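Okay, structure first, notes after.
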Amino acid sequence: MKEAGINPDVVTYNSLIAGASKHCLLSQCLDLFEEMLQKGIRPDLWSYNSLMHCFFKSGEPAEANRVFQDIIMSNTDPSTTTFNIMINGHCKYGYTENALMLFRNLQRHRFTPQIDTYNILINGLCKAGRLGAARRILKELGQSGHVPNAITYTTVMKCCFRSRKFKQGLEIFAEMKEKGYTFDAFAYCTVMGALIKRGRIDEASEFMENMVRDGIELDMVSYNTLINMYCKKGNLEAAYNLLDEIEKGGFECDKYTHTILIDGLCKASNVDRAERHLRYMNVMGFDSNLVAFNCLLDGLCKAGQVDYAMKVFKSMELKDSFTYSSLVHNLCKARRFHSASKLLLSCLRSGVKILRSAQRAVLLGLSSSGYSREASKLRSKIRLAKLLQY
DNA sequence: CTAGGGTTAG
């Protein structure tokens with residue numbers, strides 16, 4: 001455009017900023033913004049909305065909030081999208097109270113929330129584990145005169161599966177069908193994912209067939225679900241064949257694809273190949289391989305290579321509660337109760353949440369192998385940590 | 001040109 005002598009305008013810059021935001025390129029977002037100002041092009045609400053979104057996506061909620069304040073203080077009126085981005089961002093970073101407050105403020109003013117806003121809030125509350133609040137908003141949605149759409153249904157269904165209300169989730173799916181909602185890949189993948197997790201592979205298979213019969217084109221998430229299905233069946237050959245097909249079709253495998261395969265290889269007792277695959281993943285430079293590492297760690301332990309697993313564990317730069325819970329469990333299984341206890345203590349000190357079942361395994365292991373004094377010491381430390389949390 | 005639902009691990 002520059003070479004052709006066409007001057008970029010605000011829409012040009014907004015498009016670029018949106019693109020950068022989509023790929024989490026915060027510094028490019030800011031550069032574009034700066035460039036725009038230097039050229040004397042005034043950013044509009046779209047620019048600010050995108051910038052806010054980019055800050056949220058890049059883990060800078062405080063900065064996003066600052067942009068929001070700027071919008072409010074300036075002469076530009078925020079749009080519903082502005083509020084939607086804020087509500088979503090607040091929930092994502094655990095500020096569900098702020099999200100709810102913003103929502104209530106909207107209701108008090110001239111913005112009647114649209115179905116999209118309800119969906120965003122319900123989803124945010126569900127993911128933050130605030131099911132009661134989510135249920136209340138869902139009820140309000142019903143009373144508001146808006147009709148829940150496919151997104152609402154998928155959101156609530158996913159929420160049921162997450163909170164282990166499996167039957168209720170399937171009922172929502174049935175209700176969706178009954179009411180004549182068209183199923184898309186989102187709804188199908190939600191249900192298939194839940195079925196696969198519970199080992200009901202054949203049923204998941206049937207859903208996949210239905211999906212194809214419905215004429216829904218498979219996207220990368222659907223392919224990942226299918227690969228996961230093959231892996232859970234133990235058919236790694238089929239999974240790898242599909243991988244080739246996907247790439248021939250012009251799709252690009254993502255971190256989910258590779259993580260699913262790594263877990264599949266571990267579960268098929270092929271830990272060596274899993275480790276090679278993880279190394280390949282690292283060479284490819286995926287933004288996050290934490291889940292893949294967690295899978296490998298578990299696989300190594302289950303294959304009896306606990307020492308090596310500990311070495312890998314120490315080399316990891318990123319760890320989460322999955323890492324610790326699974327390692328503590330596996331150490332107990334290997335009857336290494338003192339190592340498990342040490343690891344559990346480090347979690348208590350750093351505030352990393354760890355499964356209660358893993359904690360119980362350590363306590364039980366210590367006391368049953370003649371270390372009841374250590375067990376009771378650990379028990380009181382667990383209690384203390386719990387008290388300090390609040 | 002902006003937001004929102006789906007796929008992975010203990």
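Predicted model only: the values in this text are computed from it and were never measured. Letters go in sequence order (proteins before strands), and every chain restarts at 1.
- A:T152 comes within 4.0 angstrom of nothing in the nucleic acid, heavy atoms only.
- Using a 4.0 Å heavy-atom cutoff across all strands shown, A:D116 reaches at least one base atom of the nucleic acid.
- Between A:F313 and A:Y324, the ring-plane angle classifies as perpendicular under the 30° and 60° cut-offs.
- Checking B:dC1, B:dT8, B:dT2 against the side-chain heavy atoms of A:V291 singles out B:dT8 as nearest.
- Counting non-hydrogen atoms under 4.0 angstrom, A:A185 reaches a base of the nucleic acid.
- In this structure, A:F103 and A:Y118 have perpendicular ring planes: the angle between them is above 60°, well past the 30° mark.
- Counting only heavy atoms from C-beta on, A:C295 has its side chain closest to B:dA9 among B:dG4, B:dA9, B:dG5.
- Taking the charged nitrogens against the carboxylate oxygens, A:E63 and A:R66 do have a contact shorter than 4.0 Å, which makes a salt bridge.
- A cation-pi contact links A:R273 to A:Y240, judged by a cut-off of 6.0 Å to the six-membered ring centre and 45° from its axis.
- Residue A:S321 is in base contact, counting any heavy-atom pair closer than 4.0 Å across all strands shown.
- We find that CE of A:M208 is positioned 10 Å from C1' of B:dT7, with the value rounded to whole Å.
- Lacking a ring centre under 5.5 Å from that of the base six-membered ring together with a plane angle below 30°, A:Y256 does not count as stacked on B:dT8.
- At a threshold of 4.0 Å, the pair A:E275-A:R279 counts as salt-bridged, since one of the basic side-chain nitrogens sits closer than that to a carboxylate oxygen.
- In terms of phosphate contacts, A:N84 brings no side-chain nitrogen or oxygen within less than 4.0 Å of OP1 or OP2 of B:dG4.
- A:M52 pairs with exactly one of A:D70, A:V67, A:N65 by the side chain to side chain contact (heavy atoms under 4.5 Å, CB included) rule, that one being A:V67.
- Listed candidates were B:dA3, B:dG5, B:dT7. Nearest to the side chain of A:N123 is B:dG5.
- Within 4.0 Å (heavy atoms only), A:T259 reaches at least one base atom of the nucleic acid.
- The distance from atom CE of A:M176 to atom C1' of B:dG6 is 11 Å, rounded to the nearest whole Å.
- Each of B:dA9, B:dG6, B:dA3 was ranked by its minimum atom distance to the side chain of A:V221; first place goes to B:dG6.
- On a pure distance criterion of 3.5 Å, no polar donor-acceptor pair joins the side chain of A:T190 and the base of B:dG6.
- Across all strands, A:T81 comes closer than 4.0 Å to base atoms (heavy-atom distances).
- The residue A:D184 sits close to a base: some heavy atom pair falls under 4.0 Å.
- Residue A:A358 is out of contact with every strand shown, counting any heavy-atom pair closer than 4.0 Å.
- Nucleic acid contact class of A:D9 (heavy atoms, under 4.0 Å, all strands): none.
- Residue A:N224 has its side chain nearest to B:dT7 when only B:dA3, B:dT7, B:dA9 are considered.
- Considering only the side chain of A:K158, B:dT7 comes nearest among B:dA3, B:dG6, B:dT7.
- You'll find a donor-acceptor pair under 3.5 Å spanning the side chain of A:S325 and the base of B:dG10, going by distance alone.
- Computed from coordinates, the A:F33 CZ to B:dC1 C1' distance equals 13 Å when rounded to whole Å.
- Distance CG (A:L51) to P (B:dA3): 13 Å, rounded to an integer number of Å.
- Between B:dT2 and A:H53, no contact under 4.0 Å exists linking OP1 or OP2 to a side-chain N or O.
- Using a 4.0 Å cut-off, no side-chain N or O of A:K57 falls inside it from OP1 or OP2 of B:dG4.
- Taking every side-chain heavy atom of A:F186 into account, B:dG5 is the closest of B:dA3, B:dG5, B:dT2.
- An OP1 or OP2 oxygen of B:dG5 is reached within less than 4.0 angstrom by no side-chain nitrogen or oxygen of A:N119.
- Contact check, A:K232 against B:dA9: a side-chain N or O comes under 4.0 Å of OP1 or OP2.
- A:N228 places its CG atom 13 Å from the C1' atom of B:dG6, with the value rounded to the nearest Å.
- Looking at heavy-atom distances under 4.0 Å, A:N330 makes no contact with the nucleic acid at all.
- Note on A:K353: nothing from the nucleic acid sits closer than 4.0 angstrom, heavy atoms only.
- Nucleic acid contact class of A:L355 (heavy atoms, under 4.0 Å, all strands): base.
- In this model, the phosphate group of B:dT8 is not approached by any side-chain N or O of A:K197 to a distance below 4.0 Å at OP1 or OP2.
- Each of A:V156, A:I137, A:T154, A:I151 was scored for a side chain to side chain contact (heavy atoms under 4.5 Å, CB included) with A:N119, with one residue passing: A:I151.
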